[in-house]
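To start, the structure under review is shown below, and the notes come after it.
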Amino acid sequence: MDFSAALERIHDHIENDRVENAVMACLRVARASKDSLFASIFLRELYPSKNEIARALFTETQHLNDEAKKFIFERSLERFLELHTIEGVDPDTSKAEGDRANVLMAAAGEIESEIKRWQDTLADLVPPPGLSQYDMAEFTASAMEQKGIVRTRLAGLHTIKARLKTRCLNYALEIERQLEAGRQQDNFLHSVQGEVHNYFKGRSDDVVQKLIKASQLAASKDGEDCALVLTEVRRAMKGAADLFWPVTSEEPVTCADGQQRKLGDQQYLNRLQEFMRVKLRNSSARDLLMAELDHLDVFFRRLNDLASKGVHAEVTVAEARQGLVSLYFFLSNVIRHLVSAEPQTA
């Protein structure tokens with residue numbers, strides 16, 4: 001969905017006083033962005049009867065668990081009552097929602113026709129010709145009371161219309177803020193990605209190719225592709241380890257912290273840790289990098305266990321993307337320290 005174009009349509013409907021169109025456009029945006037709460041809020045404004053809204057909300061929230069359904073139902077009803085509660089509305093001219101008789105029930109598509117109907121009613125409240133003086137007085141007194149009720153109803157409809165326009169405008173502005181934040185986040189992520197690619201170009205083109213392939217696979221929602229993303233991420237990590245701390249021996253060696261570890265071809269996480277212990281200055285920043293690598297270690301070991309059991313379907317899209325993004329940030333932080341700080345002599 002082209003959100004920018006959809007938001008432009010919402011603003012256009014609001015500016016041209018097309019309330020029903022604005023509500024329907026907001027509903028489309030809410031559904032496209034998987035915003036179930038506001039989709040339910042706008043659905044309530046389109047359906048005048050309880051049965052219709054119950055069916056619509058059931059369809060809208062059927063993919064959610066019971067707790068989420070209850071929250072959305074109650075919260076959307078609360079927002080509906082906030083908008084449709086009009087103090088001073090005669091209960092005889094409104095449909096009570098629950099125990100609240102001052103709730104003016106008017107669907108977004110009915111507001112304009114109701115306003116026209118009540119305006120015509122006001123115009124009809126004129127005395128017919130030929131009334132006697134006493135009949136004229138009685139008609140005038142009765143008409144004044146009816147006009148007061150009609151004007152109150154009209155004022156309530158205009159209030160609801162204004163509130164609906166404000167709600168649609170605020171929702172459109174909020175989505176615009178989210179889109180702008182998303183664009184800034186994309187720019188930030190792209191800058192991190194570019195920084196990592198540029199560093200490894202010429203140093204280890206194999207790492208760059210594996211990261212690019214993993215990024216392409218991450219766009220897929222297929223379970224097998226998710227497993228392949230993690231495979232490429234692990235290969236990229238190994239390629240980085242081969243660059244930073246190449247294999248010198250398959251036998252256990254004494255590391256910088258005095259512990260015996262294997263730093264062989266398959267122990268690339270150990271090699272990355274040894275690289276940071278030896279080549280980076282002892283600082284809180286290095287400690288944070290070590291903790292970040294430890295987190296990646298635990299994360300990938302868990303996913304390795306899943307892969308070894310042949311249950312690739314259990315590796316979700318979110319997990320695959322988390323692994324890829326985490327690796328980019330880790331490598332970016334390592335690169336920044338390598339470029340900005342003098343390496344410690346081994």
Side-chain angles (χ1 to χ4, degrees), residues 1-87 89 93-118 153 156-179 182:
M1 180 179 190
D2 186 346
F3 282 97
S4 297
L7 293 172
E8 284 296 327
R9 284 194 293 272
I10 292 174
H11 288 302
D12 182 63
H13 293 321
I14 293 171
E15 291 168 2
N16 289 282
D17 212 31
R18 298 190 292 266
V19 177
E20 183 185 16
N21 291 7
V23 171
M24 288 191 293
C26 287
L27 174 60
R28 287 190 63 216
V29 170
R31 280 175 166 166
S33 58
K34 302 187 187 307
D35 186 351
S36 298
L37 174 58
F38 269 91
S40 300
I41 288 172
F42 289 118
L43 269 174
R44 282 187 178 275
E45 300 298 340
L46 295 174
Y47 291 93
S49 75
K50 290 182 179 180
N51 290 336
E52 288 176 333
I53 189 59
R55 285 193 293 268
L57 290 182
F58 174 79
T59 302
E60 192 68 34
T61 61
Q62 60 183 344
H63 63 287
L64 303 174
N65 59 36
D66 291 340
E67 183 179 356
K69 288 178 182 177
K70 181 181 178 183
F71 169 78
I72 288 175
F73 183 87
E74 293 177 351
R75 189 61 184 274
S76 62
L77 176 59
E78 178 185 332
R79 297 295 299 274
F80 177 86
L81 294 175
E82 286 175 1
L83 193 144
H84 286 262
T85 298
I86 308 294
E87 298 301 329
V89 173
T93 62
S94 67
K95 298 177 182 179
E97 176 75 16
D99 297 326
R100 302 175 64 166
N102 57 347
V103 174
L104 201 162
M105 300 290 288
E110 299 175 344
I111 292 177
E112 292 297 338
S113 61
E114 273 217 53
I115 289 175
K116 179 67 168 57
R117 180 163 60 86
W118 287 111
R153 178 81 175 190
L157 289 169
H158 282 292
T159 298
I160 290 175
K161 182 178 176 180
R163 289 175 180 175
L164 267 177
K165 289 169 68 175
T166 302
R167 177 163 292 177
C168 291
L169 176 62
N170 288 337
Y171 185 69
L173 293 175
E174 178 61 26
I175 295 298
E176 285 175 347
R177 282 192 289 268
Q178 292 179 15
L179 290 176

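For reference, positions follow the sequence shown, starting with 1.
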Least distance between heavy atoms, [X] atom then [Y] atom:
| X | Y | value |
| --- | --- | --- |
| Gly109 | Ser113 | O-OG, 4.5 Å |
| Ala6 | Val29 | CB-CG2, 3.7 Å |
| Ile160 | His84 | CD1-ND1, 3.5 Å |
| Ile111 | Leu157 | CG2-O, 4.1 Å |
| Leu37 | Ser76 | CD1-N, 4.3 Å |
| Arg44 | Leu77 | NE-N, 3.3 Å |

With side chains defined as the heavy atoms from C-beta onward, is the minimum distance between [X] and [Y] less than 4.5 Å?
| X | Y | result |
| --- | --- | --- |
| Ser33 | Phe38 | no |
| Glu45 | Cys26 | no |
| Ile86 | Arg163 | yes |
| Leu179 | Leu7 | yes |
| Leu57 | Lys69 | no |
| Ile41 | Tyr171 | no |

Pairwise distance [atom1]([X]) to [atom2]([Y]) - rounded to 0.5 angstrom:
| X | Y | atom1 | atom2 | value |
| --- | --- | --- | --- | --- |
| Glu114 | Leu104 | CD | CG | 7.0 Å |
| Ile10 | Met24 | CD1 | CE | 11.5 Å |
| Phe80 | Leu43 | CZ | CG | 12.0 Å |
| Ile72 | Ser40 | CD1 | OG | 5.0 Å |
| Phe71 | Thr61 | CZ | OG1 | 12.5 Å |
| Arg75 | Arg79 | CZ | CZ | 6.0 Å |

Restricting to pairs with a member in residues 9-30, which pass side chain to side chain donor-acceptor pair (under 3.5 Å), not counting sequence neighbours?
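Sorted pair list: His11-Glu176, Asp12-Asn16, Asp12-Arg18, His13-Arg18, Asp17-Lys161, Asp17-Lys165.
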
Do the side chains of Lys70 and Glu67 get close enough for a salt bridge, i.e. N-O under 4.0 angstrom?
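The answer is no: the pair does not qualify as a salt bridge.
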
For atom OH of Tyr47, decide whether the heavy atoms of other residues, nucleotides or ligands shown that lie under 6.0 angstrom number more than 12.
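No.
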
